[in-house]
Amino acid sequence: MVDSEVDYILKMVALGDGAVGKTSCIMRFTENRFGEKYKATIGTSIAVKNIQVEFRKGEVSKTQIVLWDLAGQPSYKDLRSRYMHGSSMGFIVYDVTRPSTFMNTYEWYRNFQAVCPTAVTVLVANKVDREDRLVPEEAGVMLSNWLGLKYIETSAKTGKNVNEMFIECSREAILKDYT
Ligand code: G3D
Ligand code: MG
């Protein structure tokens with residue numbers, strides 16, 4: 001699909017602490033794969049996926065999602081505003097087996113909000129396939145309600161809700177632009 005055949009191009013940034021599953025969610029969505037090691041280069045990598053989004057009943061848009069991902073253990077200061085700038089969407093990921101990654105989501109949210117106040121933002125509770133879960137669903141629901149974010153539970157490993165997360169955010173971003 002070349003650009004001229006696309007109705008929308010939406011930039012989306014991956015946010016959240018290291019090893020929560022940002023890259024894994026992107027890989028699941030763009031390539032439907034999980035677990036392959038790929039080189040943890042320093043800096044930003046970009047993945048692209050073209051999808052059809054039914055943003056209203058019977059109304060479909062050809063949409064290109066451009067996914068920005070930070071490699072390594074990103075810190076808030078790293079490239080922050082340049083990385084986030086111009087995003088229509090952001091997904092903030094935490095690992096349900098590591099409460100500290102949940103606690104840090106608020107900081108990621110604040111930083112993103114400062115750069116992209118109108119972007120569609122989703123709080124993503126990842127690794128829900130694991131038996132050793134420590135952050136309960138209620139905590140994620142509560143925080144997302146407070147902050148006015150969407151909330152979704154995912155597993156990049158099984159694929160649970162991963163496509164849904166990206167598609168639903170795109171749908172909302174298109175609707176926002178449309179109205
Ligand atoms: P990041 O991009 O946020 O830094 P990664 O995180 O996508 O690199 O994932 C970090 C580790 O968590 C990887 O394991 C990856 O396989 C694992 N992981 C990611 N998502 C899930 C998930 O949904 N379920 C489970 N069980 N594991 C997940 P390694 O062993 O490569 O460090
Ligand atoms: Mg990564």
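Hydrogens, waters and symmetry mates play no part in the numbers below; they use all other heavy atoms, side chains included. Since the model is a prediction, treat every value here as computed from it, not as a measurement. Counting convention: from 1, in listed order, for ligands and their atoms alike. All residue numbers in this chain count up from 1 along the given sequence.
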Out of Gly159, Ser45, Ser155, Ser24, whose heavy atom is nearest to atom 15 (C) of ligand 1?
Ser24
Assess the side chains of Thr154 and Asn126: does a donor N or O sit below 3.5 Å from an acceptor N or O?
yes
What about Val128: any of its N or O atoms under 3.5 Å from an N or O on ligand 1?
no
Applying a 4.0 Å heavy-atom criterion (strictly less than), which segment of Asn126 is in contact with ligand 1: side chain, backbone, both, or neither?
side chain
Rounded at 0.5 Å granularity, tell me how far CG in Asp7 sits from CD in Gln64.
11.5 Å
Glu164 with Arg171: basic N within carboxylate O range, under 4.0 Å
no
What residues, two or more places apart in sequence or in another chain, satisfy side chain to side chain donor-acceptor pair (under 3.5 Å) together with Tyr109?
none
Within a reach of under 6.0 Å around NZ of Lys150, are more than 12 heavy atoms found that belong to other residues, nucleotides or ligands?
yes
Asp95 versus Thr101, side-chain donor and acceptor atoms under 3.5 Å
no
Hey, are Ser155 and Asp129 close enough side-chain-wise for a donor-acceptor pair under 3.5 Å?
yes
The atoms of ligand 1 lying under 4.0 Å from a heavy atom of Arg130, numbered in the order shown, are 26 (N)
Atoms in ligand 1 with a heavy atom of Asp129 nearer than 4.0 Å:
22 (C), 23 (O), 24 (N), 25 (C), 26 (N)
Under 2.8 Å from the Mg ion (ligand 2), is there any N, O or S atom belonging to Thr23?
yes
Structural part of Thr23 in contact with ligand 1, heavy atom criterion under 4.0 angstrom
both
One should read off an interatomic distance between Thr63 OG1 and Asn50 CG, to the nearest 0.5 angstrom, of 8.5 Å
I'd like to check whether Gly18 has a polar contact with ligand 1, where a contact means an N/O of the residue lying under 3.5 Å from an N/O of the ligand.
no
So is there a nitrogen or oxygen of Asp69 less than 3.5 Å from a nitrogen or oxygen in ligand 1?
no
Can Gly35 be said to touch ligand 1, with heavy atoms closer than 4.0 Å?
no
Give yes or no for whether the N/O distance cutoff of 3.5 Å, strictly under, is met between Ala156 and ligand 1.
yes
